[in-house]
S.K.: 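If you scroll down you'll find the structure; I have some questions about it.
For reference, positions follow the sequence shown, starting with 1. Both counts, for ligands and for their atoms, begin at 1 and track the order of listing.
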Amino acid sequence: MEITTPSIEVAAKRKKLWLAALKPPMYSVAIMPMLVGSLVAFAETQRLQAGIFVTFVVSAILILAWENISNDVFDSATGIDVNKHHSLVNLTGKKRLVFAIGNGCLGLGIAGIIAIALQQQDPTVLVLILLSCLLGYAYQGPPFRLGYQGLGEILCFFAFGPLGVGAAYYSQTQSWSVGSQVAGVIIGITTSLVLFCSHFHQVEDDIAAGKRSPIVRLGTQRGAQLIPWLCGLVLVLIVVAAIGGYLPLWSLLALLSGISAIRLSLQALTYHDQPVKIFNLKFYAIGFHFWSGVLLSLGLVLPSVL
Ligand SMILES: C/C(=C\COP(=O)(O)OP(=O)(O)O)CCC[C@H](C)CCC[C@H](C)CCCC(C)C
Ligand SMILES: O=C(O)C1=CC(=O)c2ccccc2C1=O
């Protein structure tokens, strides 16, 4: 039998809390719009500006870090995070420092986007990303706090979808295309699905803090029933985009993510009203987001390399 001392247990628990606070898997939602938008440009033009791509990915990660760090600060003011032990504010007890670090991330992220805009002598990308950040602030910051009204998924759709993917495409081509916007809609829906799935285990805390998340509004059962329909919509859009010629036929590879969609739907339908079992639903949704995005990306690259 393994003997563990209390201090080792405490350290392991603390490490777990820090990992939960920093949410490493979540950063795939920042990378995917950049990857897909840039690869739609590559599929259409056979060119990829690697420096711009890397700068954009790093900036997107920094901007998402700001969103998450400042989320803990704003939520500490409403009392919604009292039971959230992995809130950065609860973990450190240093609200001002946490806020300053978050704002530092935002500053660095925007600096990267400004560098792209300056290199291209074109402010379009900067305007699109500033708009995304504005939506991100409106989600959680005063006086808006639109996430508390259940509007987060709509903001999330536009920020990561048409705006995020559109900005990545524009940074490569300095033009627009229907294909990139169709890809934007697909990424927008899968990203909003992650946010939607993050509410199931928080219904009680949300009601107590006056947050009317979509799951508080719909109830967990109807919320769970919506998930297969949203996954199905994504898969239908992939078929329509590929058959309609907006994306390469190889994009149909992304249909394989249907396996993740089935796992996600089954988990939601089975455990929707059991917080202890449903707390990790958002990671199932990240799985669907990840595989649909990666396989779509593969489908965008393969026609040029085969
Ligand atoms: C912070 C977000 C969700 C967390 O919400 P919640 O308060 O329920 O979570 P906790 O339970 O952990 O407290 C995500 C909010 C997303 C937002 C609507 C849109 C963000 C836009 C980004 C700032 C823009 C990113 C640009 C880019 C990568 C294209
Ligand atoms: O902590 C979370 O639950 C989320 C964090 C986050 O950055 C994000 C971004 C886009 C969609 C959903 C989410 C979260 O759910």
S.K.: List every atom of ligand 1 that sits less than 4.0 Å from any heavy atom of Leu195, numbering the atoms from 1 in the order shown and giving each element.
M.R.: 3 (C)
S.K.: Record the part of Lys211 in heavy-atom contact with ligand 1 below 4.0 Å; permitted values are side chain, backbone, both and neither.
M.R.: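 Under 4.0 Å from ligand 1, Lys211 contributes side-chain atoms alone.
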S.K.: Which of the numbered atoms in ligand 1 are below 4.0 angstrom from a heavy atom of Ser132?
M.R.: 21 (C), 24 (C)
S.K.: Ser198 heavy atoms, cut-off 4.0 Å: which ligand 2 atoms fall inside?
M.R.: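 Result: 3 (O), 15 (O).
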S.K.: Among all protein heavy atoms in this structure, tell me which lies nearest to atom 12 (O) of ligand 1, with the distance rounded to 0.1 Å.
M.R.: Lys84 NZ, 2.8 Å
S.K.: Under a 4.0 angstrom heavy-atom cut-off, which atoms of ligand 2 come close to Thr191?
M.R.: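 Checking each atom against Thr191, I get 10 (C), 11 (C).
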S.K.: Considering the heavy atoms of Lys23, write down every atom of ligand 2 situated less than 4.0 Å from one of them.
M.R.: 1 (O), 2 (C)
S.K.: Mark the output for Asp75 as yes if a heavy-atom distance to ligand 1 is under 4.0 Å, and as no if none is.
M.R.: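 Yes, that is the case, since the closest heavy atom of the residue is under 4.0 Å from the ligand.
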S.K.: Please tell me if the side chains of Ser192 and Phe158 come closer than 4.5 Å, counting only heavy atoms from C-beta onward.
M.R.: no
S.K.: Can you tell me which portion of Asn71 lies within the under-4.0 Å heavy-atom range of ligand 2? Options are side chain, backbone, both, or neither.
M.R.: neither
S.K.: Show the atoms of ligand 2 that are less than 4.0 angstrom away from any heavy atom in Val194.
M.R.: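 So the atoms of ligand 2 that pass are 12 (C).
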S.K.: With a cut-off of 4.0 Å, which atoms of ligand 2 are near a heavy atom of Lys282?
M.R.: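 Counting from 1, the qualifying ligand atoms are 1 (O), 2 (C), 3 (O).
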S.K.: Among all protein non-hydrogen atoms, which one is nearest to atom 2 (C) of ligand 1, and what is the separation to 0.1 Å?
M.R.: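 Of the protein heavy atoms, Tyr139 CE2, 3.9 Å lies nearest.
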S.K.: Record the part of Arg145 in heavy-atom contact with ligand 1 below 4.0 Å; permitted values are side chain, backbone, both and neither.
M.R.: neither
S.K.: Could you tell me whether Ser192 approaches ligand 2 through its side chain, its backbone, both or neither, with non-hydrogen atoms closer than 4.0 Å?
M.R.: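 Neither; nothing of Ser192 gets under 4.0 Å from ligand 2.
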S.K.: Starting from atom 9 (C) of ligand 2, find the nearest protein heavy-atom neighbour and note its residue, name and distance.
M.R.: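 Nearest protein contact, heavy atoms only, for atom 9 (C) of ligand 2 is Val29 CG2, 3.7 Å.
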S.K.: Determine yes or no for a side-chain-to-main-chain donor-acceptor pair under 3.5 angstrom, with Gln46 supplying the side chain and Ala43 the backbone.
M.R.: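 Checking the backbone N and O of Ala43 against the side chain of Gln46, a donor-acceptor pair under 3.5 Å is found.
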S.K.: Charged N to carboxylate O below 4.0 Å: is that the case for Asp72 and Lys84?
M.R.: yes
S.K.: Judged on heavy-atom distance to atom 14 (C) of ligand 1, which of Met34, Glu67, Lys282 sits nearest?
M.R.: Glu67
S.K.: Starting from atom 6 (C) of ligand 2, which protein heavy atom do you reach first, and at what distance in Å?
M.R.: Met26 CG, 3.4 Å
S.K.: Within the structure, is a non-hydrogen atom of Glu153 found at a distance of less than 4.0 Å from ligand 1?
M.R.: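 No; Glu153 lies far enough from ligand 1 that no heavy-atom distance drops under 4.0 Å.
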S.K.: Is Glu67 touching ligand 2 with its side chain, its backbone, both, or neither, if touching means heavy atoms under 4.0 Å apart?
M.R.: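 Answer for Glu67: neither.
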S.K.: Determine, considering heavy atoms only, which of Leu193, Ile286, Leu195 sits nearest to atom 12 (C) of ligand 2.
M.R.: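 Of the listed residues, Leu195 has the closest heavy atom.
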S.K.: How far is atom 7 (O) of ligand 2 from its nearest protein heavy atom, and which residue and atom name does that atom have?
M.R.: Asn68 ND2, 2.8 Å
S.K.: Work out whether the distance between some heavy atom of Gly152 and some atom of ligand 1 is less than 4.0 Å.
M.R.: yes
S.K.: Does at least one non-hydrogen atom of Asn71 fall below 4.0 angstrom from an atom of ligand 1?
M.R.: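 Right, Asn71 reaches ligand 1.
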